[in-house]
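Report on one structure; see the data block that follows.
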Amino acid sequence: MNKESSTILITGGAGFIGSALVRHLIASTDCQVINVDKLTYAGNLDSLAEAADSPRHVFEQTDICDAPALGRLFEKHRPDAVMHLAAESHVDRSIAGPAEFIRTNITGTYNLLETARSYWNELDADKQKRFRFLHVSTDEVYGSLGPEGLFCEETPYRPNSPYAASKASSDHLVRAWHHTYGLPVLITNCSNNYGPYQFPEKLIPLMILNALEGKFLPLYGKGENVRDWLYVKDHARALHTVLEKGQPGRTYNIGGRCEKKNIEVVRAICSILDELRQVTGDGLQVTEDGDGLRVTGDTAEAPVTSHHSLITFVPDRPGHDLRYAIDDTRIRTELGWSPKESFETGLRKTVQWYVNNPEWIRRVRTGEYSQWIKTNYDTQGRGRF
Ligand code: NAD
Ligand code: DAU
C-alpha cells in the first residue's frame with residue numbers, strides 16, 4: 001500500500017491491540033479509520049481515548065459474522081485497506097466454550113475475506129493494485145517449543161488450544177484467498193502483547209488488579225511457562241509498517257525478543273507494586289517525562305506484607321503450551337521495524353497505568369466479566385481448572 005491510500009477499515013478496533021492501532025493511526029498518519037467492532041465484553045470505546053473524537057475516526061458497531069452488513073460497510077466507506085483484528089482472543093475462554101471462537105475467528109474471517117474479494121474485484125486497476133488485506137494473527141498457531149529454538153515464518157502449524165486452532169484456520173483461509181483468488185493479503189503472527197487498556201483476564205492486568213486488591217496471584221502449574229512479551233504500541237507500529245511495506249502473500253512474525261517465565265513476570269509486577277506502595281499519602285505523584293515514569297512523594301514505612309506473598313500455584317491450564325519464542329528477523333531486516341520499549345520500562349508504565357485508571361477498570365468489569373471471574377476464580381482470586 002502506498003501513502004496515497006487513506007481509508008483503512010479496522011476490525012476489532014475497540015479491543016486491546018485494535019484500539020492501540022487506532023490511536024497510533026490517528027496520531028501518526030492522516031488516514032481515515034473505519035472502526036468495525038461488535039463491542040463484545042472485550043471491546044470498549046473508552047479505550048480509544050482522544051482518537052474517538054477525531055473527525056478521521058468513524059465507528060461502526062457491526063458483527064463480522066453479519067455478511068450483508070459487511071458488504072454495506074465496504075460500499076459506504078470504500079476502504080483502501082483492511083486490517084483484521086476482531087477475534088475472540090482469550091485461551092482460557094476457548095477451553096471453557098469454543099463455539100464463539102469458531103464463529104468469530106473462522107466464519108467471521110471467511111465473511112470478511114469474501115466481502116473484501118467481491119469489493120476488490122470491482123475496483124479499478126490502480127485501486128486494485130494498491131488494496132491490502134492485513135490479517136492479524138498469533139504465534140500460538142505454531143504450537144509449543146521445548147527449551148530451545150524459535151518460531152520462524154516457515155515453522156509448520158501445530159495449534160494446541162481451541163483458540164490457536166481457530167486462528168490457524170483463519171490464517172489458512174487468508175492464505176488460500178491469496179493463492180486462489182489473488183487477493184493481496186498480508187499475515188502477521190505476533191507474540192504476547194501487554195500494555196495499557198488490556199482486558200483484565202490476561203496474565204499481566206489480572207495480576208496487577210489482583211495484587212492491588214490483595215487477592216491471590218494464581219500461577220498455572222509451576223509458573224515455568226515462557227512467553228515472549230511485546231509492548232502493544234510496538235505491535236501497532238509493526239502492523240502499520242507491514243501494511244505500508246509488506247509484500248502481498250507474505251507472512252511476518254513479530255516479537256519482542258523478550259522471553260520470560262510467568263513467575264518472572266509476576267515477580268516483576270510485585271516488585272514494582274511494592275516499590276510504589278512505599279510512596280504513600282497525599283504526596284504520591286506519578287508523572288511521565290522523557291526518561292519514563294517518575295514517582296515522587298513521601299516515603300513511608302516499609303510495607304507490612306510484600307505483594308510477592310500473594311503468589312499462589314494453581315492447577316495448570318489444560319494443554320498449556322510450554323514456551324513461545326519468535327524469530328523476527330524478517331520484519332526487522334526486510335521492513336526495518338524494531339521495538340522501542342524494553343520490558344522493564346513497558347511493564348512499569350503498564351502497572352502505573354492500571355493504578356491511575358480505576359474508572360476504565362470499573363467500566364470494563366461488566367456483569368458478563370464478573371460472571372467469568374466468579375466461575376473461574378474463587379473469592380480470593382485463585383483460578384480453578
Ligand atoms: P481483544 O479481545 O482485546 O479484542 C477483540 C476485539 O474484537 C474486541 O473489541 C471485540 O469487541 C471485537 N470482536 C470480537 N468478536 C467480534 C465480532 N464477531 N465482530 C466484530 N468485532 C468483534 O483482543 P486483542 O488482544 O486486542 O487481539 C486482537 C487480535 O490480535 C486478535 O485477532 C488476536 O488473535 C491477535 N493477537 C493478540 C495477541 C495478544 O497478546 N493479545 C497477540 C498476537 C495476536
Ligand atoms: O502468544 C500470543 C497470544 O498471547 C495471543 O494470541 C492471545 O490472544 C493472548 O491471550 C496470549 O495468550 P496466552 O495464553 O499466552 O496469554 P494469557 O495472558 O492468558 O497467559 C499468559 C501466560 O500466563 C500463560 O502461560 C498462562 C499463564 N496464566 C494466565 C492466567 C490468565 C497464569 O499462570 N495464570 C492466569 O491466571
Side-chain angles (χ1 to χ4, degrees), residues 10-21 35-45 47 60-66 69-70 83-95 100-101 103-105 107-109 111-112 135-142 144 151 161 163-164 166-167 170-171 188-195 197-207 210 216-230 232 235-236 239 254-255 260-263 265-266 311-314 316-317 320-326 364 376-377 381-383 385:
I10 295 180
T11 70
F16 166 51
I17 300 170
S19 66
L21 179 63
N35 184 350
V36 178
D37 199 297
K38 180 182 172 185
L39 294 183
T40 67
Y41 79 94
N44 183 357
L45 292 176
S47 305
E60 296 278 6
Q61 184 167 8
T62 301
D63 185 340
I64 58 165
C65 297
D66 182 347
L70 284 181
M83 299 177 89
H84 174 36
L85 292 92
E88 287 294 331
S89 69
H90 191 39
V91 173
D92 291 344
R93 285 181 189 258
S94 81
I95 296 168
E100 207 49 36
F101 288 71
R103 200 183 85 90
T104 287
N105 299 2
T107 309
T109 300
N111 283 336
L112 197 62
H135 174 62
V136 178
S137 191
T138 169
D139 58 359
E140 299 202 10
V141 298
Y142 299 123
S144 183
F151 296 133
S161 70
Y163 162 71
S166 69
K167 291 297 289 187
S170 64
D171 291 12
T188 57
N189 295 90
C190 187
S191 62
N192 285 60
N193 283 219
Y194 71 100
Y197 301 103
Q198 187 169 31
F199 197 82
E201 64 192 352
K202 306 280 174 17
L203 179 75
I204 289 181
L206 180 77
M207 296 294 160
N210 273 17
F216 283 113
L217 310 180
L219 272 167
Y220 298 158
K222 295 180 179 160
E224 299 268 304
N225 301 64
V226 174
R227 297 292 183 264
D228 168 10
W229 293 97
L230 179 69
V232 67
H235 189 191
L239 295 176
I254 306 170
K260 302 268 175 215
K261 288 183 182 172
N262 293 334
I263 180 79
V265 172
V266 176
I311 294 175
T312 183
F313 296 94
V314 299
D316 210 352
R317 171 187 280 177
H320 195 175
D321 286 338
L322 177 67
R323 175 172 164 259
Y324 305 143
I326 282 276
V364 300
N376 291 281
Y377 295 87
R382 271 183 292 245
F385 267 119

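Counting convention: from 1, in listed order, for ligands and their atoms alike.
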### Message
Distance under 4.0 Å to a non-hydrogen atom of Y163: what atoms of ligand 1 satisfy this?
### Response
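Counting atoms of ligand 1 from 1, those under 4.0 Å from Y163 are 33 (C), 34 (O).
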
### Query
Any idea which atoms of ligand 1 are less than 4.0 Å away from a heavy-atom of S137?
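Ligand 1 atoms under the 4.0 Å threshold to S137: 43 (C), 44 (C).
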
With heavy atoms only and a cut-off of under 4.0 Å, state how [X] meets ligand 2: side chain, backbone, both or neither.
X    : answer
N192 : both
Y377 : side chain
L206 : side chain
N262 : side chain

### Task
For the residue pair L70 and L112, establish whether any side-chain heavy-atom pair is separated by less than 4.5 Å.
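They are in contact (side-chain heavy atoms under 4.5 Å apart), so the answer is yes.
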
### Query
Within a strict 4.5 Å, meaning less than it, do heavy atoms of the Y220 and V314 side chains meet?
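Of all side-chain heavy-atom pairs linking V314 with Y220, at least one is under 4.5 Å.
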
Less than 4.0 Å is my threshold; does some heavy atom of [X] fall inside it relative to ligand 1?
X    : answer
T62  : yes
G108 : no
V136 : yes
S191 : yes

To check you understand the geometry: which heavy-atom pair defines the closest contact between [X] and [Y], and what is its length?
X    : Y    : result
V266 : L217 : CG1-CD1, 3.9 Å
L21  : L85  : CD2-CD1, 3.8 Å
D37  : G13  : OD2-N, 3.4 Å

### Message
Distance under 4.0 Å to a non-hydrogen atom of H90: what atoms of ligand 2 satisfy this?
### Response
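With H90 as reference, the close atoms of ligand 2 come out as 19 (O).
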
To the nearest 0.1 Å, how far is [atom] from its closest protein heavy atom, and which atom is that?
atom                    : value
atom 11 (O) of ligand 1 : D37 OD1, 2.6 Å
atom 13 (P) of ligand 2 : E140 OE2, 3.5 Å
atom 18 (O) of ligand 2 : L203 N, 2.8 Å
atom 8 (O) of ligand 2  : S89 O, 2.7 Å
atom 5 (C) of ligand 2  : Y163 OH, 3.6 Å
atom 1 (O) of ligand 2  : D139 OD1, 2.5 Å
atom 34 (N) of ligand 2 : P218 O, 2.8 Å

Min N/O separation [X] to ligand 1 under 3.5 Å:
X    : result
Y41  : no
T138 : no
D63  : yes
F16  : yes
K38  : yes
V36  : no

Could you check which of [options] puts a non-hydrogen atom nearest to [atom]?
atom                    : options                : answer
atom 15 (O) of ligand 2 : E201, R323, R227, H320 : R227
atom 30 (C) of ligand 2 : Y324, Y220, F216       : Y220
atom 14 (O) of ligand 2 : R382, K261, R317       : R317

### Message
Check this for me, if you would: do D139 and R227 make a salt bridge, where the nitrogen-to-carboxylate-oxygen distance has to be below 4.0 angstrom?
### Response
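Judged by the 4.0 Å cut-off on N to carboxylate O distance, D139 and R227 do not form a salt bridge.
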
### Task
Step through the shown structure and confirm whether more than 12 heavy atoms of other residues, nucleotides or ligands are within 6.0 Å of NZ on K261.
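No.
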
